[in-house]
2 protein chains.
Amino acid sequence: MGKRVLVIEDDQELGAQIVKRLRDAGYEPTWWKEGRRLSRETLPDVDLVVLDLMLPGTYGMDILKDLRVFSEVPVLVLSARNDTADKVRALRLGADDYMTKPFWPEELVERVRARLRRPTLGRGDVVEVGALRIERGRREVSVRGERVELTRLEFEFLAALAERPGEAMTRSSLAARVLDPERDGTERTLDVHVSRLRKKLGRGAFVETVWGIGYRLGDGRDE
Amino acid sequence: MGKRVLVIEDDQELGAQIVKRLRDAGYEPTWWKEGRRLSRETLPDVDLVVLDLMLPGTYGMDILKDLRVFSEVPVLVLSARNDTADKVRALRLGADDYMTKPFWPEELVERVRARLRRPTLGRGDVVEVGALRIERGRREVSVRGERVELTRLEFEFLAALAERPGEAMTRSSLAARVLDPERDGTERTLDVHVSRLRKKLGRGAFVETVWGIGYRLGDGRDE
DNA sequence: CGAAATCTTACGAATTCCTTACGTGCCGGG
DNA sequence: CCCGGCACGTAAGGAATTCGTAAGATTTCG
(Lines give C-alpha, C1' and ligand atoms only; values in the text may rest on other atoms or scores of the structure.)
Protein backbone atom coordinates (compact mmCIF):
# COMPACT_ATOMS: atom_id res chain seq x y z
CA MET A 1 0.00 0.00 0.00
CA GLY A 2 3.10 2.18 -0.09
CA LYS A 3 2.69 5.04 -2.45
CA ARG A 4 5.04 5.02 -5.38
CA VAL A 5 7.52 7.80 -5.91
CA LEU A 6 9.66 8.33 -8.97
CA VAL A 7 13.00 9.95 -8.20
CA ILE A 8 14.83 11.50 -11.14
CA GLU A 9 18.28 12.37 -9.84
CA ASP A 10 21.68 11.91 -11.47
CA ASP A 11 23.77 12.49 -8.37
CA GLN A 12 24.63 9.03 -7.06
CA GLU A 13 25.06 9.94 -3.46
CA LEU A 14 22.08 12.21 -3.16
CA GLY A 15 19.87 9.86 -5.10
CA ALA A 16 20.77 6.90 -2.92
CA GLN A 17 20.15 8.96 0.14
CA ILE A 18 16.73 10.07 -1.01
CA VAL A 19 15.69 6.61 -2.09
CA LYS A 20 16.72 5.16 1.22
CA ARG A 21 14.86 7.73 3.23
CA LEU A 22 11.74 7.36 1.20
CA ARG A 23 11.82 3.62 1.57
CA ASP A 24 12.33 3.97 5.31
CA ALA A 25 9.30 6.22 5.38
CA GLY A 26 7.19 3.52 3.82
CA TYR A 27 7.13 4.63 0.23
CA GLU A 28 8.11 2.67 -2.85
CA PRO A 29 10.73 4.71 -4.66
CA THR A 30 11.92 4.12 -8.21
CA TRP A 31 15.18 5.76 -9.15
CA TRP A 32 16.01 7.05 -12.58
CA LYS A 33 19.64 8.08 -12.68
CA GLU A 34 19.21 10.18 -15.77
CA GLY A 35 16.62 12.41 -17.30
CA ARG A 36 14.51 10.93 -20.08
CA ARG A 37 11.87 12.44 -22.22
CA LEU A 38 8.54 11.55 -20.75
CA SER A 39 5.43 10.48 -22.53
CA ARG A 40 2.26 8.78 -21.55
CA GLU A 41 3.85 5.37 -21.97
CA THR A 42 7.23 5.98 -20.44
CA LEU A 43 5.93 7.55 -17.27
CA PRO A 44 5.44 4.73 -14.82
CA ASP A 45 2.31 4.69 -12.76
CA VAL A 46 3.50 6.65 -9.74
CA ASP A 47 1.90 8.84 -7.12
CA LEU A 48 4.54 11.55 -7.04
CA VAL A 49 7.67 12.61 -8.87
CA VAL A 50 10.82 14.04 -7.31
CA LEU A 51 12.63 15.80 -10.12
CA ASP A 52 16.11 17.26 -10.04
CA LEU A 53 16.19 20.23 -12.39
CA MET A 54 19.92 20.15 -12.90
CA LEU A 55 20.35 17.09 -15.03
CA PRO A 56 23.07 16.72 -17.62
CA GLY A 57 21.84 16.65 -21.17
CA THR A 58 18.14 17.03 -20.65
CA TYR A 59 16.78 20.08 -19.01
CA GLY A 60 14.64 19.33 -16.03
CA MET A 61 12.31 22.12 -16.98
CA ASP A 62 11.56 20.39 -20.26
CA ILE A 63 10.77 17.17 -18.51
CA LEU A 64 8.39 19.05 -16.28
CA LYS A 65 6.79 20.76 -19.23
CA ASP A 66 6.35 17.49 -21.10
CA LEU A 67 4.90 15.84 -18.07
CA ARG A 68 2.22 18.39 -17.50
CA VAL A 69 0.79 17.84 -20.94
CA PHE A 70 -0.60 14.47 -20.04
CA SER A 71 -0.36 14.08 -16.30
CA GLU A 72 -1.40 15.80 -13.11
CA VAL A 73 0.93 13.83 -10.91
CA PRO A 74 2.39 15.96 -8.11
CA VAL A 75 5.97 17.05 -8.77
CA LEU A 76 8.50 18.10 -6.18
CA VAL A 77 11.40 19.89 -7.79
CA LEU A 78 14.97 19.94 -6.53
CA SER A 79 17.49 22.48 -7.64
CA ALA A 80 20.80 23.98 -6.69
CA ARG A 81 19.61 27.34 -7.92
CA ASN A 82 18.11 29.56 -5.32
CA ASP A 83 16.89 32.48 -7.33
CA THR A 84 13.28 33.46 -7.28
CA ALA A 85 12.92 33.58 -11.05
CA ASP A 86 13.73 29.90 -11.30
CA LYS A 87 11.37 28.97 -8.55
CA VAL A 88 8.58 30.98 -10.05
CA ARG A 89 9.19 29.42 -13.43
CA ALA A 90 9.07 25.89 -12.13
CA LEU A 91 5.96 26.51 -10.06
CA ARG A 92 4.26 28.15 -13.01
CA LEU A 93 5.07 25.13 -15.11
CA GLY A 94 3.10 23.06 -12.69
CA ALA A 95 5.56 21.99 -10.03
CA ASP A 96 3.97 21.52 -6.64
CA ASP A 97 7.00 22.28 -4.53
CA TYR A 98 10.55 23.49 -4.94
CA MET A 99 13.47 22.65 -2.66
CA THR A 100 16.86 24.23 -2.81
CA LYS A 101 19.99 22.19 -2.33
CA PRO A 102 21.47 21.48 0.02
CA PHE A 103 18.65 20.24 2.19
CA TRP A 104 18.13 17.65 4.83
CA PRO A 105 16.47 14.49 3.65
CA GLU A 106 14.05 14.63 6.57
CA GLU A 107 12.58 17.74 5.12
CA LEU A 108 12.26 16.16 1.71
CA VAL A 109 10.40 13.23 3.17
CA GLU A 110 8.06 15.52 5.04
CA ARG A 111 7.35 17.53 1.95
CA VAL A 112 6.62 14.40 0.02
CA ARG A 113 4.29 13.33 2.78
CA ALA A 114 2.59 16.72 2.78
CA ARG A 115 1.89 16.40 -0.94
CA LEU A 116 0.63 12.86 -0.72
CA ARG A 117 -1.78 13.35 2.10
CA ARG A 118 -3.79 15.56 -0.20
CA PRO A 119 -6.07 13.67 -2.51
CA THR A 120 -4.42 13.21 -5.89
CA LEU A 121 -7.35 13.51 -8.20
CA GLY A 122 -6.75 10.67 -10.56
CA ARG A 123 -6.12 8.17 -7.83
CA GLY A 124 -9.51 7.79 -6.30
CA ASP A 125 -10.19 4.25 -7.29
CA VAL A 126 -13.93 4.50 -7.52
CA VAL A 127 -15.76 7.44 -8.99
CA GLU A 128 -19.52 7.62 -8.82
CA VAL A 129 -21.46 10.21 -10.70
CA GLY A 130 -25.18 9.83 -10.64
CA ALA A 131 -26.00 6.30 -11.70
CA LEU A 132 -22.58 5.84 -13.25
CA ARG A 133 -19.87 3.96 -11.41
CA ILE A 134 -16.26 3.74 -12.54
CA GLU A 135 -13.71 1.48 -10.90
CA ARG A 136 -10.28 2.37 -12.08
CA GLY A 137 -8.45 -0.53 -10.60
CA ARG A 138 -10.72 -3.25 -11.93
CA ARG A 139 -11.36 -1.29 -15.09
CA GLU A 140 -15.04 -1.80 -14.67
CA VAL A 141 -17.95 0.46 -15.38
CA SER A 142 -21.58 0.08 -14.51
CA VAL A 143 -24.75 2.09 -14.93
CA ARG A 144 -27.50 1.57 -12.39
CA GLY A 145 -25.76 -1.60 -11.29
CA GLU A 146 -25.59 -2.98 -14.81
CA ARG A 147 -22.14 -3.85 -16.02
CA VAL A 148 -21.14 -2.15 -19.23
CA GLU A 149 -18.34 -3.57 -21.35
CA LEU A 150 -16.02 -0.91 -22.67
CA THR A 151 -13.06 -1.14 -24.98
CA ARG A 152 -9.67 0.07 -23.89
CA LEU A 153 -9.94 3.54 -25.33
CA GLU A 154 -13.52 3.99 -24.30
CA PHE A 155 -12.50 3.26 -20.75
CA GLU A 156 -9.41 5.43 -20.83
CA PHE A 157 -11.46 8.25 -22.13
CA LEU A 158 -14.13 7.91 -19.50
CA ALA A 159 -11.53 7.58 -16.77
CA ALA A 160 -9.82 10.74 -17.94
CA LEU A 161 -13.08 12.61 -17.72
CA ALA A 162 -13.70 11.14 -14.31
CA GLU A 163 -10.53 12.74 -13.01
CA ARG A 164 -12.53 15.90 -12.72
CA PRO A 165 -16.18 15.00 -12.59
CA GLY A 166 -18.36 17.85 -13.70
CA GLU A 167 -15.53 19.92 -15.07
CA ALA A 168 -15.19 20.73 -18.70
CA MET A 169 -12.05 19.34 -20.28
CA THR A 170 -10.68 20.39 -23.61
CA ARG A 171 -10.34 17.98 -26.48
CA SER A 172 -6.62 18.52 -26.63
CA SER A 173 -6.04 17.73 -23.01
CA LEU A 174 -8.20 14.64 -23.28
CA ALA A 175 -6.37 13.54 -26.38
CA ALA A 176 -3.03 14.09 -24.70
CA ARG A 177 -4.10 11.95 -21.79
CA VAL A 178 -5.65 9.14 -23.73
CA LEU A 179 -4.15 8.93 -27.18
CA ASP A 180 -0.64 8.15 -28.27
CA PRO A 181 -0.02 10.76 -30.94
CA GLU A 182 2.18 8.27 -32.76
CA ARG A 183 -0.02 5.27 -33.12
CA ASP A 184 -3.42 6.58 -32.33
CA GLY A 185 -5.60 9.03 -34.10
CA THR A 186 -6.35 12.69 -33.83
CA GLU A 187 -8.80 14.70 -31.85
CA ARG A 188 -11.46 13.84 -34.38
CA THR A 189 -11.10 10.30 -33.22
CA LEU A 190 -12.34 11.27 -29.82
CA ASP A 191 -15.70 12.16 -31.29
CA VAL A 192 -16.13 8.68 -32.57
CA HIS A 193 -15.30 7.15 -29.24
CA VAL A 194 -17.65 9.50 -27.48
CA SER A 195 -20.35 8.45 -29.84
CA ARG A 196 -19.76 4.78 -29.16
CA LEU A 197 -19.41 5.43 -25.45
CA ARG A 198 -22.71 7.24 -25.27
CA LYS A 199 -24.44 4.46 -27.04
CA LYS A 200 -23.11 1.95 -24.54
CA LEU A 201 -23.81 4.03 -21.46
CA GLY A 202 -27.36 4.42 -22.63
CA ARG A 203 -29.91 7.00 -21.68
CA GLY A 204 -28.71 9.92 -19.63
CA ALA A 205 -26.19 12.43 -20.81
CA PHE A 206 -23.18 11.23 -18.87
CA VAL A 207 -20.74 12.54 -21.39
CA GLU A 208 -21.87 16.07 -22.08
CA THR A 209 -20.66 18.20 -24.92
CA VAL A 210 -19.24 21.58 -24.02
CA TRP A 211 -19.42 23.46 -27.24
CA GLY A 212 -16.17 24.87 -28.48
CA ILE A 213 -14.28 23.26 -25.62
CA GLY A 214 -14.66 19.56 -25.29
CA TYR A 215 -16.52 17.30 -22.91
CA ARG A 216 -17.65 17.02 -19.34
CA LEU A 217 -18.74 14.16 -17.15
CA GLY A 218 -22.27 14.83 -15.96
CA ASP A 219 -24.51 12.96 -13.61
CA GLY A 220 -26.81 11.87 -16.38
CA ARG A 221 -29.81 13.80 -15.18
CA ASP A 222 -31.85 15.69 -17.75
CA GLU A 223 -30.39 17.92 -20.42
CA MET B 1 -10.31 33.44 -9.40
CA GLY B 2 -11.40 35.10 -6.24
CA LYS B 3 -10.20 32.36 -3.93
CA ARG B 4 -10.00 33.55 -0.39
CA VAL B 5 -6.76 33.54 1.54
CA LEU B 6 -6.35 34.23 5.22
CA VAL B 7 -3.03 35.87 6.07
CA ILE B 8 -1.97 35.69 9.71
CA GLU B 9 1.04 37.95 10.00
CA ASP B 10 1.92 40.48 12.70
CA ASP B 11 4.65 42.26 10.80
CA GLN B 12 2.99 45.35 9.33
CA GLU B 13 5.24 45.78 6.38
CA LEU B 14 5.46 42.15 5.38
CA GLY B 15 1.76 41.63 5.88
CA ALA B 16 0.84 44.60 3.73
CA GLN B 17 3.20 43.41 1.07
CA ILE B 18 1.76 39.92 1.01
CA VAL B 19 -1.81 41.13 0.97
CA LYS B 20 -1.11 43.45 -1.90
CA ARG B 21 0.56 40.79 -3.96
CA LEU B 22 -2.17 38.30 -3.38
CA ARG B 23 -4.79 40.80 -4.36
CA ASP B 24 -2.86 41.68 -7.51
CA ALA B 25 -2.81 38.00 -8.33
CA GLY B 26 -6.58 37.88 -8.18
CA TYR B 27 -7.08 36.40 -4.76
CA GLU B 28 -9.15 37.83 -1.93
CA PRO B 29 -6.89 38.14 1.07
CA THR B 30 -8.02 38.74 4.62
CA TRP B 31 -5.38 39.95 7.02
CA TRP B 32 -5.23 39.11 10.68
CA LYS B 33 -2.52 41.16 12.32
CA GLU B 34 -2.32 38.93 15.33
CA GLY B 35 -2.61 35.30 16.14
CA ARG B 36 -5.90 34.13 17.59
CA ARG B 37 -7.00 30.81 18.83
CA LEU B 38 -8.89 29.14 16.07
CA SER B 39 -12.02 27.10 16.30
CA ARG B 40 -14.60 25.89 13.92
CA GLU B 41 -16.52 29.10 14.43
CA THR B 42 -13.72 31.62 14.34
CA LEU B 43 -12.05 30.30 11.22
CA PRO B 44 -13.52 32.19 8.31
CA ASP B 45 -14.47 30.31 5.18
CA VAL B 46 -11.22 30.52 3.28
CA ASP B 47 -9.47 28.43 0.69
CA LEU B 48 -5.97 28.72 2.08
CA VAL B 49 -4.16 30.06 5.12
CA VAL B 50 -0.79 31.81 5.16
CA LEU B 51 0.46 31.52 8.71
CA ASP B 52 3.48 33.18 10.25
CA LEU B 53 4.88 30.92 12.92
CA MET B 54 6.65 33.67 14.82
CA LEU B 55 3.78 35.52 16.39
CA PRO B 56 4.05 37.28 19.71
CA GLY B 57 1.97 35.74 22.43
CA THR B 58 0.48 32.84 20.63
CA TYR B 59 2.68 30.23 19.12
CA GLY B 60 2.07 29.70 15.47
CA MET B 61 2.54 26.00 15.95
CA ASP B 62 -0.38 25.94 18.33
CA ILE B 63 -2.59 27.70 15.86
CA LEU B 64 -1.65 25.14 13.28
CA LYS B 65 -2.31 22.31 15.67
CA ASP B 66 -5.71 23.71 16.62
CA LEU B 67 -6.59 24.25 13.03
CA ARG B 68 -5.93 20.72 11.95
CA VAL B 69 -8.38 19.38 14.48
CA PHE B 70 -11.34 20.63 12.55
CA SER B 71 -10.15 21.79 9.16
CA GLU B 72 -8.29 20.47 6.15
CA VAL B 73 -7.67 23.87 4.66
CA PRO B 74 -4.23 24.12 3.05
CA VAL B 75 -1.71 25.99 5.19
CA LEU B 76 1.43 27.71 3.98
CA VAL B 77 3.74 28.43 6.88
CA LEU B 78 6.19 31.33 7.10
CA SER B 79 9.06 31.38 9.50
CA ALA B 80 12.36 33.07 10.15
CA ARG B 81 13.78 29.84 11.44
CA ASN B 82 15.59 27.80 8.90
CA ASP B 83 16.39 24.66 10.77
CA THR B 84 15.16 21.35 9.54
CA ALA B 85 13.68 20.32 12.86
CA ASP B 86 11.25 23.20 12.73
CA LYS B 87 10.26 22.52 9.16
CA VAL B 88 9.72 18.88 9.85
CA ARG B 89 7.63 19.70 12.87
CA ALA B 90 5.39 22.09 10.99
CA LEU B 91 4.95 19.75 8.07
CA ARG B 92 4.16 16.89 10.42
CA LEU B 93 1.53 19.02 12.08
CA GLY B 94 -0.20 19.31 8.76
CA ALA B 95 1.33 22.32 7.06
CA ASP B 96 1.37 22.04 3.31
CA ASP B 97 4.36 24.22 2.67
CA TYR B 98 7.04 26.04 4.60
CA MET B 99 8.83 29.18 3.48
CA THR B 100 11.82 30.68 5.19
CA LYS B 101 12.16 34.42 5.59
CA PRO B 102 13.30 36.43 3.88
CA PHE B 103 11.63 35.49 0.61
CA TRP B 104 10.41 37.21 -2.50
CA PRO B 105 6.70 37.78 -2.61
CA GLU B 106 6.57 36.40 -6.14
CA GLU B 107 7.56 33.05 -4.81
CA LEU B 108 4.94 33.20 -2.13
CA VAL B 109 2.26 33.94 -4.68
CA GLU B 110 3.40 31.07 -6.87
CA ARG B 111 3.38 28.68 -3.97
CA VAL B 112 -0.10 29.78 -3.05
CA ARG B 113 -1.12 29.24 -6.63
CA ALA B 114 0.48 25.82 -6.68
CA ARG B 115 -1.52 24.79 -3.63
CA LEU B 116 -4.77 26.18 -4.96
CA ARG B 117 -4.64 24.63 -8.37
CA ARG B 118 -5.01 21.30 -6.67
CA PRO B 119 -8.61 20.67 -5.91
CA THR B 120 -9.27 21.44 -2.31
CA LEU B 121 -12.04 19.51 -0.74
CA GLY B 122 -15.24 21.38 -0.97
CA ARG B 123 -16.19 24.29 -3.10
CA GLY B 124 -15.04 24.51 -6.63
CA ASP B 125 -14.20 27.53 -8.59
CA VAL B 126 -17.30 29.64 -8.32
CA VAL B 127 -17.83 33.35 -8.60
CA GLU B 128 -21.07 34.88 -7.45
CA VAL B 129 -21.99 38.48 -8.11
CA GLY B 130 -25.46 39.46 -7.11
CA ALA B 131 -27.84 37.00 -8.69
CA LEU B 132 -25.23 35.92 -11.19
CA ARG B 133 -23.34 32.70 -10.65
CA ILE B 134 -20.37 31.59 -12.70
CA GLU B 135 -18.84 28.15 -12.39
CA ARG B 136 -15.53 28.18 -14.12
CA GLY B 137 -14.79 24.52 -13.95
CA ARG B 138 -18.07 23.35 -15.36
CA ARG B 139 -18.34 26.36 -17.60
CA GLU B 140 -21.84 27.02 -16.48
CA VAL B 141 -23.64 30.23 -15.71
CA SER B 142 -26.94 30.86 -14.00
CA VAL B 143 -28.99 33.88 -13.03
CA ARG B 144 -31.27 33.51 -10.05
CA GLY B 145 -30.87 29.77 -10.28
CA GLU B 146 -31.82 29.66 -13.94
CA ARG B 147 -29.28 28.06 -16.21
CA VAL B 148 -28.14 30.26 -19.06
CA GLU B 149 -26.53 28.76 -22.14
CA LEU B 150 -23.52 30.74 -23.30
CA THR B 151 -21.28 30.28 -26.28
CA ARG B 152 -17.58 29.82 -25.89
CA LEU B 153 -16.65 33.46 -26.37
CA GLU B 154 -19.52 34.74 -24.31
CA PHE B 155 -18.38 32.60 -21.45
CA GLU B 156 -14.73 33.49 -21.83
CA PHE B 157 -15.64 37.09 -21.85
CA LEU B 158 -17.80 36.89 -18.77
CA ALA B 159 -15.21 34.81 -16.97
CA ALA B 160 -12.55 37.37 -17.76
CA LEU B 161 -14.69 40.11 -16.30
CA ALA B 162 -15.47 37.98 -13.29
CA GLU B 163 -11.82 37.80 -12.38
CA ARG B 164 -12.16 41.27 -10.97
CA PRO B 165 -15.78 41.84 -10.16
CA GLY B 166 -16.58 45.51 -10.02
CA GLU B 167 -13.38 46.59 -11.65
CA ALA B 168 -13.34 48.16 -15.06
CA MET B 169 -11.33 46.37 -17.71
CA THR B 170 -10.24 47.95 -20.94
CA ARG B 171 -11.43 46.69 -24.26
CA SER B 172 -7.92 45.91 -25.37
CA SER B 173 -7.09 43.86 -22.32
CA LEU B 174 -10.33 41.97 -22.65
CA ALA B 175 -9.72 41.36 -26.30
CA ALA B 176 -6.20 40.20 -25.61
CA ARG B 177 -7.45 37.91 -22.91
CA VAL B 178 -10.32 36.40 -24.81
CA LEU B 179 -9.76 36.66 -28.54
CA ASP B 180 -7.25 34.88 -30.66
CA PRO B 181 -5.91 37.70 -32.85
CA GLU B 182 -5.33 35.19 -35.62
CA ARG B 183 -8.68 33.63 -35.97
CA ASP B 184 -11.00 35.87 -34.09
CA GLY B 185 -12.16 39.37 -34.76
CA THR B 186 -11.28 42.79 -33.50
CA GLU B 187 -12.26 44.82 -30.50
CA ARG B 188 -15.41 45.84 -32.28
CA THR B 189 -16.41 42.25 -32.09
CA LEU B 190 -16.54 42.48 -28.34
CA ASP B 191 -19.48 44.85 -28.57
CA VAL B 192 -21.47 42.25 -30.34
CA HIS B 193 -20.71 39.63 -27.76
CA VAL B 194 -21.58 42.00 -24.97
CA SER B 195 -24.84 42.65 -26.63
CA ARG B 196 -25.67 39.01 -26.96
CA LEU B 197 -24.46 38.34 -23.46
CA ARG B 198 -26.67 41.03 -21.99
CA LYS B 199 -29.66 39.69 -23.78
CA LYS B 200 -29.04 36.22 -22.42
CA LEU B 201 -28.35 37.32 -18.86
CA GLY B 202 -31.60 39.22 -18.86
CA ARG B 203 -32.67 41.98 -16.56
CA GLY B 204 -30.05 43.65 -14.46
CA ALA B 205 -26.99 45.35 -15.79
CA PHE B 206 -24.44 42.68 -15.03
CA VAL B 207 -22.11 43.83 -17.76
CA GLU B 208 -21.80 47.57 -17.35
CA THR B 209 -20.30 49.94 -19.85
CA VAL B 210 -17.50 52.17 -18.65
CA TRP B 211 -17.48 54.88 -21.20
CA GLY B 212 -14.20 55.39 -23.00
CA ILE B 213 -12.66 52.44 -21.16
CA GLY B 214 -14.41 49.17 -21.50
CA TYR B 215 -16.59 47.07 -19.29
CA ARG B 216 -17.13 46.08 -15.70
CA LEU B 217 -18.98 43.27 -13.99
CA GLY B 218 -21.67 44.69 -11.71
CA ASP B 219 -24.07 42.98 -9.38
CA GLY B 220 -27.02 43.86 -11.54
CA ARG B 221 -28.77 45.83 -8.83
CA ASP B 222 -28.39 49.51 -9.64
CA GLU B 223 -29.43 51.48 -12.69
C1' DC C 1 -25.90 70.11 -31.76
C1' DG C 2 -22.22 67.18 -33.69
C1' DA C 3 -18.68 63.82 -33.36
C1' DA C 4 -17.21 59.81 -31.29
C1' DA C 5 -18.33 55.76 -28.88
C1' DT C 6 -21.33 52.17 -28.25
C1' DC C 7 -25.37 49.23 -29.22
C1' DT C 8 -28.28 46.24 -31.94
C1' DT C 9 -29.62 43.49 -35.71
C1' DA C 10 -29.31 40.57 -39.66
C1' DC C 11 -27.03 37.35 -42.41
C1' DG C 12 -23.83 34.30 -44.43
C1' DA C 13 -19.53 31.93 -43.81
C1' DA C 14 -16.96 29.05 -40.97
C1' DT C 15 -16.46 26.04 -37.32
C1' DT C 16 -17.74 22.31 -34.54
C1' DC C 17 -19.85 18.18 -33.75
C1' DC C 18 -22.33 13.63 -34.52
C1' DT C 19 -23.18 9.57 -36.98
C1' DT C 20 -22.56 6.10 -40.24
C1' DA C 21 -19.87 3.39 -43.14
C1' DC C 22 -15.81 1.20 -44.30
C1' DG C 23 -10.96 -0.53 -44.23
C1' DT C 24 -7.13 -2.35 -41.58
C1' DG C 25 -4.76 -4.97 -38.30
C1' DC C 26 -4.83 -8.15 -34.49
C1' DC C 27 -6.06 -12.36 -32.24
C1' DG C 28 -8.05 -16.81 -31.14
C1' DG C 29 -10.48 -20.85 -32.81
C1' DG C 30 -11.09 -24.27 -35.92
C1' DC D 1 -3.56 -21.46 -42.33
C1' DC D 2 -7.75 -19.43 -42.88
C1' DC D 3 -11.82 -17.28 -40.97
C1' DG D 4 -14.54 -14.23 -38.20
C1' DG D 5 -14.91 -11.03 -34.56
C1' DC D 6 -13.25 -7.08 -32.33
C1' DA D 7 -11.01 -2.63 -31.69
C1' DC D 8 -9.88 1.15 -33.89
C1' DG D 9 -8.75 5.03 -37.29
C1' DT D 10 -10.30 7.60 -41.18
C1' DA D 11 -13.37 9.70 -44.12
C1' DA D 12 -17.54 11.82 -45.45
C1' DG D 13 -22.15 13.70 -45.11
C1' DG D 14 -24.93 16.64 -42.80
C1' DA D 15 -26.88 19.23 -39.03
C1' DA D 16 -26.43 22.56 -35.56
C1' DT D 17 -24.05 26.37 -33.61
C1' DT D 18 -21.01 30.11 -33.43
C1' DC D 19 -18.96 34.16 -34.90
C1' DG D 20 -17.40 38.23 -37.67
C1' DT D 21 -18.80 41.91 -40.44
C1' DA D 22 -21.36 45.52 -42.02
C1' DA D 23 -24.71 48.92 -41.50
C1' DG D 24 -27.75 51.64 -39.27
C1' DA D 25 -29.66 53.17 -34.61
C1' DT D 26 -28.68 55.07 -30.22
C1' DT D 27 -26.19 57.11 -26.54
C1' DT D 28 -22.65 59.98 -24.42
C1' DC D 29 -19.86 63.84 -24.03
C1' DG D 30 -18.21 68.41 -24.81
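Bear in mind the structure is a predicted one, so any value in this text is a computation, not a measurement. We name chains A, B, ... by the order of the sequence lines, and we start the count at 1 in each one.
Per the geometry, CZ belonging to A:Phe157 stands 16 Å off C1' belonging to D:dG9, to the nearest Å. Atoms CG (A:Leu197) and P (D:dG9) sit 14 Å apart, rounded to a whole Å. Put simply, CD on A:Glu187 is 17 Å from C1' on D:dA11, counting in whole angstrom units. Counting to the nearest Å, the P atom of D:dT18 and the CZ atom of B:Phe155 are 14 Å from each other. Counting to the nearest Å, the C1' atom of D:dT21 and the CG atom of B:Leu190 are 14 Å from each other. One can place CG of B:Leu150 at 15 Å from P of D:dT17, the figure rounded to the nearest angstrom. Put simply, CG on B:Leu179 is 14 Å from C1' on D:dT21, counting in whole angstrom units. For the pair B:Glu154 CD and D:dC19 C1', the interatomic distance rounds to 10 Å; values are reported in whole Å.
A sub-4.0 Å separation between OP1 or OP2 of D:dT18 and a side-chain N or O of B:His193 is absent. The side chain of A:Thr189 places no N or O atom within less than 4.0 Å of a non-bridging phosphate oxygen (OP1 or OP2) of D:dC8. At D:dT17, none of the side-chain N or O atoms of B:Thr151 fall inside 4.0 Å of OP1 or OP2 (strictly under the cut-off).
Taking 4.0 Å as the cut-off between side-chain N and carboxylate O, B:Lys3 and B:Glu28 do not count as a salt-bridged pair.
Contacts of A:Ser195 classified as side-chain contact (heavy atoms from CB on, under 4.5 Å), with partners at least two apart in sequence or in another chain: none.
With 3.5 Å as the limit, one finds no donor-acceptor pair spanning the side chains of A:Arg89 and A:Thr84. Checking A:Lys87 against A:Asn82 by side-chain atom types alone, a donor-acceptor pair falls below 3.5 Å. For B:Ser172 and B:Arg177, the side-chain atoms include no donor-acceptor pair closer than 3.5 Å. Residues A:Tyr98 and B:Arg111 have side chains that never bring a donor and an acceptor to within less than 3.5 angstrom of each other.
Bending across the helix from C:dC1-D:dG30 to C:dG30-D:dC1, expressed as the angle between its end axes from five pairs apiece, amounts to 30° (10° rounding).
Of all the heavy atoms in A:Val210 and B:Arg139, the pair that sits closest is CG1-CD, 3.8 Å.
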Protein proximity profile, nucleotides 1-10 of chain C - base contact B, sugar-phosphate-only contact S, no contact -, cut-off 4.0 Å on heavy atoms: ----SBSBB-
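Annotation: the span from B:Glu107 atom CD to B:Arg21 atom CZ amounts to 12.5 Å, rounded to 0.5 Å.
The closest donor-acceptor contact from the side chain of B:Arg171 to the backbone of B:Leu174 lies at 3.5 Å or more, if one exists at all.
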